[in-house]
Amino acid sequence: MVPLDRGHLIDYVVRETESLPLTATRVLVPYHDRSIAARVTSLTGSKVIPVPSPSDGTGPGIRRLLNGISSELIALTTCDLIAPRGALSKFMLAARELLGTEAPRCVVATSSIDELDPVPIYVHASNGMVTAYGKTAPRSERTFAGARLMNLAFVGLLLRSDEGLTTDTAMMAEIVKSYPDAVLHIDVDGLFDVDDGRALSEATKLTKEDRHD
């Protein structure tokens with residue numbers, strides 16, 4: 001719920017994913033927090049389902065968020081993303097065209113590496129297919145940009161992943177190794193996550209430039 005210009009940082013992600021035919025929006029929230037779900041509800045026309053979760057790692061959090069989902073297409077993003085207006089929406093629509101298969105399939109958004117990011121999630125790819133992924137993967141000029149679109153079969157892979165993998169990144173890295181054709185990528189210009197003061201300043205500037213009064 002970081003304030004940004006006239007709204008909040010989370011507003012961008014919610015509005016951009018409205019380009020998809022959403023039936024429900026699940027939001028991973030801390031216990032006893034009602035403000036995040038309330039904000040999302042004010043911005044989307046889909047049913048909002050808060051999923052309370054302790055701070056026990058992204059792996060368990062992702063499993064709670066995806067457990068019980070039955071939709072054919074699932075968009076999964078962090079809430080701290082920002083990009084020029086329409087960039088994330090265009091990614092979601094393009095990714096949807098690549099999911100016409102019953103086999104497990106996920107399309108991740110990627111962007112050029114931010115040299116100031118202390119722990120980038122490196123992405124290596126060949127002909128659009130991701131061949132290596134993760135914080136411990138060899139250095140790459142391309143990194144995961146925080147958003148992905150997947151089909152229900154891929155959700156099954158995530159939920160069946162080894163519970164010893166305690167982070168979402170480790171789960172994705174293992175799937176890339178075990179299922180070579182399961183993960184694709186699309187580069188999204190200007191998409192970045194806001195995790196420090198420098199990035200927040202850039203996000204504020206971008207929001208003001210994109211605003212239509």
Side-chain angles (χ1 to χ4, degrees), residues 1-96 99 105-109 144-159 161 167-169 171-172 186 188 191-195 199-200 203-204 206-207 210-212:
M1 290 295 289
V2 176
L4 182 66
D5 195 27
R6 295 180 177 179
H8 294 81
L9 181 56
I10 196 174
D11 298 1
Y12 175 80
V13 169
V14 177
R15 286 174 176 146
E16 291 284 295
T17 53
E18 286 289 287
S19 62
L20 295 170
L22 301 177
T23 57
T25 300
R26 293 190 176 204
V27 186
L28 200 67
V29 297
Y31 283 115
H32 310 302
D33 185 301
R34 297 182 179 178
S35 62
I36 298 175
R39 183 65 182 177
V40 174
T41 299
S42 73
L43 297 169
T44 180
S46 66
K47 178 182 180 181
V48 176
I49 304 171
V51 180
S53 181
S55 299
D56 57 353
T58 56
I62 288 293
R63 290 185 177 96
R64 291 187 192 98
L65 192 63
L66 297 178
N67 187 45
I69 278 182
S70 59
S71 300
E72 290 301 315
L73 291 178
I74 299 93
L76 184 60
T77 80
T78 58
C79 65
D80 59 352
L81 297 181
I82 195 76
R85 185 188 295 266
L88 185 57
S89 175
K90 288 177 182 176
F91 160 74
M92 291 293 180
L93 293 175
R96 187 180 180 189
L99 294 178
R105 182 67 56 85
C106 174
V107 184
V108 298
F144 175 54
R148 71 199 101 157
L149 189 69
M150 65 191 77
N151 62 15
L152 189 58
F154 193 88
V155 169
L157 292 185
L158 286 170
L159 292 176
S161 62
T167 68
D168 171 44
T169 301
M171 293 159 65
M172 287 290 293
I186 295 175
V188 182
L191 181 62
F192 63 97
D193 62 321
V194 180
D195 52 10
L200 181 59
T204 301
L206 184 64
T207 301
D210 282 351
R211 189 172 67 213
H212 298 295

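Counting begins at 1 with the first residue of the sequence.
- The shortest non-hydrogen separation linking P50 to V29 is CB-CG2, 4.2 Å.
- Counting only heavy atoms from C-beta outward, the side chains of I69 and L152 approach each other to under 4.5 Å.
- Taken from NZ in K47 to CZ in R26, the straight-line distance is 9.5 Å, to the nearest 0.5 Å.
- At least one side-chain heavy atom of L65 sits less than 4.5 Å from a side-chain heavy atom of L76.
- Atom CZ of R96 is surrounded by 12 or fewer heavy atoms from other residues, nucleotides or ligands within 6.0 Å.
- Summarising the geometry of T23 relative to S71, their closest heavy-atom pair is OG1-OG, 3.7 Å, with the distance given to 0.1 Å.
- Looking at E16 and L191, their side chains never come closer than 4.5 Å, going by heavy atoms from C-beta outward.
- Side-chain atoms of M172 and L158, non-hydrogen and from C-beta on, do get closer than 4.5 Å to each other.
- Taking both residues in full, the closest heavy atoms of F91 and A109 are given as CZ-N, 3.5 Å, listed atom of the first, atom of the second, then distance.
- Shown here are the ring pair (Phe, Tyr, Trp, His ring centres under 6.0 Å) partners of F144, two or more places apart in sequence or in another chain: Y133.
- The side-chain heavy atoms of V48 and V27, taken from C-beta on, include a pair separated by under 4.5 Å.
- Residues T44 and S46 bring a donor and an acceptor atom of their side chains to less than 3.5 Å of each other.
- For the atom pair L66 CG and I74 CD1, the distance stands at 7.5 Å (nearest 0.5 Å).
- V14 has its side chain out of reach of T25: every pair of non-hydrogen atoms, C-beta onward, lies at least 4.5 Å apart.
- Listed here is the closest heavy atom pair of G61 and D56: N-OD1, 4.5 Å.
- In this structure, S53 and Y31 approach most closely via the heavy-atom pair C-CE1, 4.0 Å.
- Between the CG atom of L149 and the CZ atom of R105 there is a distance of 12.0 Å, given to the nearest 0.5 Å.
- Taking all atoms of both residues into account, the shortest heavy-atom contact from L88 to A147 is CD1-CB, 3.7 Å.
- T78 contributes atom OG1, which lies 12.0 Å from atom CG of L28 (distance to the nearest 0.5 angstrom).
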